[in-house]
Colleague: 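Got a structure for you, written out below as structure tokens; questions coming shortly.
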Amino acid sequence: MLLLSANISAQGYINASDDSIAPRFYVNTGLFLPNLTTSLRIASQGALGSKLSIEDDFNFDRTTTVYYVQALMWVKQRSQFVFAYTTIKRTAGLKLA
């Protein structure tokens with residue numbers, strides 16, 4: 001699954017002496033290892049239905065790896081481009097007998 005997003009933001013790079021800090025190129029990266037709990041309820045109208053745990057019932061791992069990288073490119077004094085990429089991978093196998 002590929003997710004793309006667009007982001008528009010405004011930032012100022014000013015330090016204590018009011019000198020402008022304007023990097024031409026800036027990279028920010030990170031890695032997260034979150035613990036996940038996902039549930040799903042399947043029901044028809046007027047029925048109680050069944051609650052399923054994605055991790056327990058479908059053998060998904062409770063932990064996954066989330067990696068991101070962001071890059072900022074300074075074009076002009078008041079113009080910047082920000083590029084961002086995030087990856088989240090969750091896989092599982094389920095054998096129906």
Side-chain angles (χ1 to χ4, degrees):
M1 176 186 297
L2 177 65
L3 300 175
L4 299 173
S5 67
N7 183 17
I8 298 174
S9 63
Q11 289 178 302
Y13 294 97
I14 304 295
N15 64 13
S17 65
D18 291 330
D19 291 334
S20 178
I21 302 169
R24 291 278 181 198
F25 191 74
Y26 176 80
V27 176
N28 183 19
T29 186
L31 177 71
F32 301 99
L33 303 170
N35 290 323
L36 304 169
T37 303
T38 309
S39 62
L40 172 70
R41 179 171 295 279
I42 298 175
S44 62
Q45 192 172 23
L48 293 176
S50 299
K51 184 176 180 181
L52 302 173
S53 169
I54 300 298
E55 290 78 22
D56 294 336
D57 297 328
F58 296 109
N59 297 326
F60 276 86
D61 289 333
R62 290 195 181 275
T63 59
T64 188
T65 303
V66 178
Y67 174 75
Y68 77 93
V69 63
Q70 297 171 336
L72 179 141
M73 186 175 69
W74 182 70
V75 181
K76 294 186 207 175
Q77 181 180 359
R78 300 176 81 180
S79 300
Q80 301 170 350
F81 287 112
V82 178
F83 305 95
Y85 173 77
T86 302
T87 179
I88 302 171
K89 183 178 179 182
R90 290 189 79 187
T91 59
L94 178 66
K95 184 177 181 181
L96 299 175

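When a residue number appears, it is its place in the shown sequence, counting from 1.
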Colleague: At what distance, to the nearest 0.5 angstrom, does CZ of Arg62 lie from OG1 of Thr37?
Modeller: 5.0 Å
Colleague: Shortest non-hydrogen contact from Asp57 to Leu52?
Modeller: OD2-CA, 3.3 Å
Colleague: Could you pull out the closest heavy-atom pair between Ala43 and Gly49, with the gap in Å?
Modeller: CB-CA, 3.6 Å
Colleague: Specify the closest pair of heavy atoms between Pro34 and Thr64, including all atoms of both residues, with the distance to one decimal.
Modeller: CD-O, 3.3 Å
Colleague: Hey, any chance Phe25 and Val75 share a hydrophobic cluster, counting ILVMFWY side chains that come within less than 4.5 Å of each other, even indirectly?
Modeller: yes
Colleague: Applying side chain to side chain contact (heavy atoms under 4.5 Å, CB included) between Leu72 and each of Val82, Val27, Asn28, report the one that passes.
Modeller: Val82
Colleague: Are Tyr67 and Leu33 linked, directly or through intermediate hydrophobic residues, by side-chain heavy-atom contacts shorter than 4.5 Å (ILVMFWY only)?
Modeller: no
Colleague: Roughly how far apart are Leu40 CG and Phe58 CZ, rounded to 0.5 Å?
Modeller: 6.5 Å
Colleague: Any chance you could measure Ile54, atom CD1, to Leu36, atom CG, to the nearest 0.5 Å?
Modeller: 11.5 Å
Colleague: State whether the side chain of Thr29 and the backbone N or O of Tyr68 hold a donor-acceptor pair below 3.5 Å, judged by distance alone.
Modeller: yes
Colleague: Applying side chain to side chain donor-acceptor pair (under 3.5 Å), can you list everything that pairs with Ser79, at least two apart in sequence or on another chain?
Modeller: none
Colleague: Would you find more than 12 non-hydrogen atoms of other residues, nucleotides or ligands less than 6.0 Å from Leu48 atom CG?
Modeller: no
